[in-house]
Amino acid sequence: MLFMYFSRTCETLEGISSRLEMIDVISKVLPALNPDELPIFVRFVMGRIFPDWSSRKLGIGPNLLIEAIGYVAGLKKEQVIERNNKTGDPGLAVEEILAIKSQTTFFHEDLDLVRVYADLIAIADMEGKKSQREKLLAVRNLLGNAHPLEGRYLARIMMEELRIGVGEGSVRDAIAKAFGVDAAQVEHAMQALNDLGEVARLAKLGPEALKNVRITPFHPVRMMLSQQGTIADMIEEQGEVAAEFKYDGSRFQFHKRGNRARLYSRRLEDVTGALPDVIDHLLSATDHDVILDGEVIAVKDGRPMPFQSVLRRFRRRHDIAEAQDAIEMIPNVFDILYLDGQTVIDLPFSERRKILEKVVNRYLAPQVVSSDRQVIEKTYGEALDAGHEGIMIKAPSSPYTPGQRGKNWIKIKPEVDTLDLAVIGAEWGEGKRAHLFGSFLLACHDQGRLLPLSRVATGFSDEQLAEVYELLKDKVIAKAGRSVTFEPEMVFEIGYAELQVSPTYEAGFALRFPRLIRIRDDKGIEDIETLDGIRDRYQRQSKSAQAYQDQGPARNPGSPGSPGA
């Protein structure tokens, strides 16, 4: 496949708003692709280069892209920045610049999809002191051979934000339609492989190839997610439930085969080198080949330390031994995905727990199983007394569903409602904060698009604002007056008082009294809240408000504003 054909397909998809039409367009392209092209096309059309399980990074930022296209077109850096700021989209800026260049240049070497992928892989592999220079030369070469339309999507792929609105669900259904296989089979294979590109290749071989997919050690899968809820609702829906402490730490996935072990973060990054003590703890806890899910916390004097203490260890690359002495890291294991060659994610949670208790003899997260609300509430109180965030309530009958957020896992904590949102823009601060970003534009996720939802300017210490500035200053892709737009990478956990319907933001909602809870650099853009999830929250909020009105303050003496409050 020529990259121009891929680009024209993307242009068609960008002009479509109907999800069903998108699925139809993609499904017609897939059967004609050969086994080498198929995984690449699938990843590219979602704005990705690497499989989801891979922690590899391209290492191309906005500044390098600006420098490369400026050289190719013979423009000064300031001219490129001006055009980029005008469009607010690196892809459109590159397209416009290459259109001007094409009027004076008539030679292009046709770009092939597989060749573009190979060049991007080579760029990602460049390391060492001269790597940035080598990356720059490679990007120049790619852009120098790109036609304007190709430049639009090539630049966006390099920034890993394609902006055509194609989400994972649409590609899953397109694969099923293209090769006549069940979408549920495609989904299940995706959960195990964590790479829709490889799933598409298998789907072309037929349903048997999908059925034979298995989770394997050292090939991390996405972690199952929770949503907010209540103890009463969960017991009413499930009857008997399992309650576990909700830790203020960082999720991990532990892989072991024989004497070899690796540890992966929530973002599926290999953090083995930063946490050798945790590896040793878990190796001492089992003799089996396993993939375990859990959360690691920092402990001092028998009490859990704040989340940031854990993150400092996850980030650390040097002086590991010194860090081990300073902070004790304790793993808490609460699920198992793989045991001695067998995938166990389809078993009910209650069965997985029995397996876990047989094969892991230390560091198991404590669990209480009951249908009695008072028993679960007592566990909740014990969790808070021990210094933890709250509790998780899990449905005993539920399978492990990698990467999915649903009602099978519910989190209960006393804090205000929170959302994990992507930071996509900012405005400069004022006064003593004039040299820093002062307020931030936040977005949720909707089928491959990031939709603005709110701004946040409170909850930041001066130190946090300085930290965020250092992390984001090189991620600016456009400027307009006092506003900047970022390459989306950072995630904020935001507390809020209420969700409100609002035409101000593209998502259709706004947050009342938003404030920063913490920077979630253990999470990636793929982990942020979806628009569907926000709609669900709004509906639950509306039902709660209606129930309160129906009950009336006089019959609820524990409510704010009532005589008993």
Side-chain angles (χ1 to χ4, degrees), residues 88-89 161 163 165 167 225-229 307 405 411 413-430 433 436-462 464-469 471-473 475-545:
D89 176 353
E161 188 189 3
R163 302 188 180 203
L225 305 174
S226 65
Q227 66 182 36
Q228 291 181 320
F307 171 74
R405 188 185 306 277
K411 54 188 173 184
K413 54 183 184 177
E415 300 172 358
V416 296
D417 284 346
T418 64
L419 290 168
D420 294 322
L421 300 170
V423 184
I424 60 172
E427 289 189 356
W428 290 99
E430 298 178 347
R433 293 180 170 180
L436 302 172
F437 303 126
S439 68
F440 300 87
L441 182 61
L442 308 170
C444 63
H445 195 273
D446 181 45
Q447 290 294 321
R449 298 177 299 160
L450 292 175
L451 301 182
L453 175 72
S454 179
R455 289 188 178 274
V456 63
T458 58
F460 297 88
S461 66
D462 289 342
Q464 283 176 316
L465 282 178
E467 178 186 4
V468 171
Y469 174 76
L471 292 170
L472 291 177
K473 66 181 182 180
K475 303 297 181 183
V476 175
I477 58 176
K479 300 177 182 178
R482 293 176 51 79
S483 299
V484 298
T485 301
F486 298 123
E487 177 186 354
E489 285 189 2
M490 180 171 283
V491 176
F492 284 172
E493 182 179 354
I494 300 296
Y496 64 97
E498 187 181 36
L499 272 169
Q500 298 176 320
V501 174
S502 172
T504 303
Y505 297 104
E506 194 175 346
F509 295 93
L511 303 182
R512 187 166 178 246
F513 303 136
R515 66 187 303 274
L516 177 77
I517 300 299
R518 55 188 173 183
I519 302 165
R520 293 304 303 250
D521 50 0
D522 63 322
K523 293 189 176 183
I525 299 302
E526 66 279 2
D527 297 317
I528 66 171
E529 190 67 53
T530 64
L531 183 58
D532 284 343
I534 287 168
R535 290 192 186 107
D536 288 344
R537 283 179 182 237
Y538 181 74
Q539 289 173 359
R540 292 199 304 271
Q541 173 187 291
S542 299
K543 288 179 182 176
S544 296

Worksheet item: Do Leu453 and Phe509 come close enough that some side-chain heavy atom pair is under 4.5 Å?
Response: yes
Discussion item. Going by salt bridge (charged side-chain N to carboxylate O under 4.0 Å, His left out), name the pairs with one or both residues in residues 494-508, residues two or more places apart or in two chains.
Written reply: Glu498-Arg512
Worksheet entry | Residue from Asp420, Leu516, Leu419 passing side chain to side chain contact (heavy atoms under 4.5 Å, CB included) with Phe492 | Leu516
Response to the item:
In short, Ser454 meets Tyr505 closest at the heavy-atom pair CA-CZ, 3.7 Å
Worksheet item: Taking C-beta and beyond as the side chain, do Glu487 and Glu161 meet within less than 4.5 Å on heavy atoms?
Response: no
Fill in: Close side-chain approach of Leu450 and Ile528, heavy atoms under 4.5 Å
yes
Discussion item. Rounded to the nearest 0.5 Å, what separates atom OG1 in Thr485 from atom CG in Asp89?
Written reply: 10.0 Å
Discussion item. Assess whether a salt bridge exists between Glu493 and Lys413, defined as any Lys/Arg side-chain N lying under 4.0 Å from an Asp/Glu carboxylate O.
Written reply: yes
Item to complete: With rounding to the nearest 0.5 Å, note down the distance linking CD in Glu430 to OG in Ser439.
Response: 9.0 Å
Practice prompt. Output yes when a side-chain donor or acceptor of Arg482 lies under 3.5 Å from a complementary backbone atom of Trp428, and no otherwise.
Written response: yes
Practice prompt. Could you tell me which non-hydrogen atom of Gly495 sits nearest to which non-hydrogen atom of Thr418, and how far apart they are?
Written response: CA-CG2, 4.1 Å
Practice prompt. Heavy atoms only: give me the nearest Arg515-Gly459 pair and the separation to one decimal.
Written response: NH2-CA, 4.0 Å
Worksheet item: Would you say Glu489 and Leu472 make side-chain contact, with heavy atoms under 4.5 Å?
Response: no
Response to the item:
Closest heavy-atom pair, Leu499 versus Leu511, reported as atoms and distance to 0.1 Å, is CD2-CD2, 3.4 Å
Discussion item. Just to verify, what does Asp527 make a salt bridge (charged side-chain N to carboxylate O under 4.0 Å, His left out) with, not counting sequence neighbours?
Written reply: none
Worksheet item: Between the side chain of Thr458 and the main-chain N/O of Pro514, is any donor-acceptor distance below 3.5 Å?
Response: yes
Worksheet item: Looking at CZ of Arg163 and CZ of Arg449, how far apart are the two atoms once the value is rounded to the nearest 0.5 Å?
Response: 12.5 Å
Discussion item. Checking Lys479 now: which residues fulfil salt bridge (charged side-chain N to carboxylate O under 4.0 Å, His left out) with it, not counting sequence neighbours?
Written reply: none
Fill in: Side chain proximity check, Val491 to Ile525, heavy atoms < 4.5 angstrom
yes
Response to the item:
Closest non-hydrogen contact found for Phe440 with Leu465 is CE1-CD2, 3.9 Å
Worksheet item: Got Arg537 and Glu529 here, is their nearest side-chain heavy-atom distance under 4.5 Å?
Response: yes
Discussion item. Once rounded to the nearest 0.5 Å, what's the spacing between atom CD1 of Ile534 and atom CG of Asp446?
Written reply: 9.5 Å
Worksheet item: Is any side-chain heavy atom of Leu442 closer than 4.5 Å to a side-chain heavy atom of Ile424?
Response: no
Worksheet item: What are the two closest heavy atoms between Ala507 and Leu531, and how far apart are they?
Response: O-CD1, 3.5 Å
Worksheet entry | Check: Phe437 ring centroid to Phe486 ring centroid under 6.0 Å | yes
Item to complete: Rounded to the nearest 0.5 Å, what's the gap from CG on Leu421 to CZ on Arg520? Could you check?
Response: 12.0 Å
